[in-house]
Amino acid sequence: MSISVGGYVFNPRTTVVREQYEVVGGKQTRAIRITGLLRGAADEASLIAALDAVTEAVSMDAPVLVSLRPGRQIAARREGLVREINGRALTGQFVVDLRAESAWEESEAIETLPWVIGQSGEVLGVSNTGNAPTDPVITLAADDFLITPGVGDGTRMIVYEGEVAGGSTLVIDAVKREVRLDGVEVTGYTSGEFPRLAPGETELVFTDDIMSSHQATGSVAWRPRWW
């Protein structure tokens with residue numbers, strides 16, 4: 001199993017990972033401890049350089065992307081780092097402690113599904129292969145004017161309380177928790193809650209005003225997530 005932090009790939013034969021779910025500030029987080037052994041260096045200077053590479057990969061300045069399983073990633077921030085050098089044996093050891101503010105991993109690849117809308121009440125079935133809910137990004141390119149367009153998941157629905165001219169594009173971005181019209185944020189002109197994709201199948205429903213055209217070419221993009 002390949003393990004990487006930032007651009008650094010650890011040797012799976014000499015690296016051990018421990019994960020633990022912990023509640024911090026009322027929010028479930030994931031604590032990650034990576035313990036490793038470095039060996040085979042030609043000299044002590046080379047060994048120190050190898051340990052420096054581990055240190056640089058887990059900078060404290062910003063969260064880094066951690067991959068513990070193929071095709072998945074999680075953003076985590078360094079909380080601690082211990083490194084040791086045995087100059088006589090030319091081996092090095094390190095322990096890196098990271099914390100992800102979100103407990104779930106998500107897919108490195110974005111999945112996208114087209115959505116052709118021709119009526120109010122148009123339904124799109126979306127399959128989320130992860131075992132955790134995930135946030136979609138829904139794009140609606142109006143073929144003709146849309147009045148108060150909205151999208152729901154059967155439990156939550158968000159509605160743009162305005163008009164979208166033909167040729168304009170409305171983006172409902174549940175990841176960033178914002179709605180944009182032709183690139184301009186219009187979240188303040190919306191009502192309701194952002195839809196989510198549950199594990200398994202979710203039916204997204206498009207609605208608009210009776211006087212609207214009901215005509216749009218859309219898409220739904222998401223990253224599957226896993227606990």
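Computed over heavy atoms, backbone and side chain alike; hydrogens, waters and symmetry mates excluded.
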Counting only pairs under 3.5 Å, give me each side-chain donor-acceptor contact of residues 4-16, with atom names and distances, residues two or more places apart or in other chains.
unit_1 : atom_1 : unit_2 : atom_2 : d
N11    : OD1    : R13    : N      : 3.0
T14    : OG1    : L37    : O      : 3.1
T15    : OG1    : N11    : O      : 2.7

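Contact check for W222 versus V175: no side-chain heavy atoms found under the 4.5 Å cut-off. Residues F194 and V179 are in side-chain contact: their nearest non-hydrogen atoms beyond the backbone lie under 4.5 Å apart. Contact check for R225 versus I74: no side-chain heavy atoms found under the 4.5 Å cut-off. Side chains of T169 and D182 form a contact here, defined as non-hydrogen atoms less than 4.5 Å apart. A 4.5 Å side-chain heavy-atom check between V205 and E122 finds every atom pair outside the cut-off.
Within the structure, side chain to side chain donor-acceptor pair (under 3.5 Å) pairs that include any residue of residues 141-153 comprise D143-T217, D153-R156 (at least two apart or interchain). Applying the side chain to side chain donor-acceptor pair (under 3.5 Å) rule to pairs touching residues 103-116 yields R69-E105, sequence neighbours excluded.
Hydrophobic clustering keeps V171 apart from L204 (ILVMFWY residues linked when any side-chain heavy atoms are closer than 4.5 Å, directly or through intermediates).
Between R18 and D97 no salt bridge is recorded (no basic side-chain N to carboxylate O distance below 4.0 Å). Checked for salt-bridge contact, K176 and D135 miss the test: no charged N lies under 4.0 Å from a carboxylate O.
Applying the ring pair (Phe, Tyr, Trp, His ring centres under 6.0 Å) rule to Y189 yields no partners; only residues at least two apart in sequence or on another chain are considered. Residues that satisfy the ring pair (Phe, Tyr, Trp, His ring centres under 6.0 Å) test with F145, not counting sequence neighbours, are absent from this structure.
Residue M157 belongs to a hydrophobic cluster whose other members are V159, with links defined by side-chain heavy atoms closer than 4.5 Å.
For the side chain to side chain donor-acceptor pair (under 3.5 Å) criterion with R180, the lone passing option out of D173, T187, T139 is D173. Test R30, Q28, R99, K27 against E22 for side chain to side chain donor-acceptor pair (under 3.5 Å) and you get one pass: R99.
The structure places CG of N128 at 6.0 Å from CG of L197, a figure rounded to the nearest 0.5 Å.
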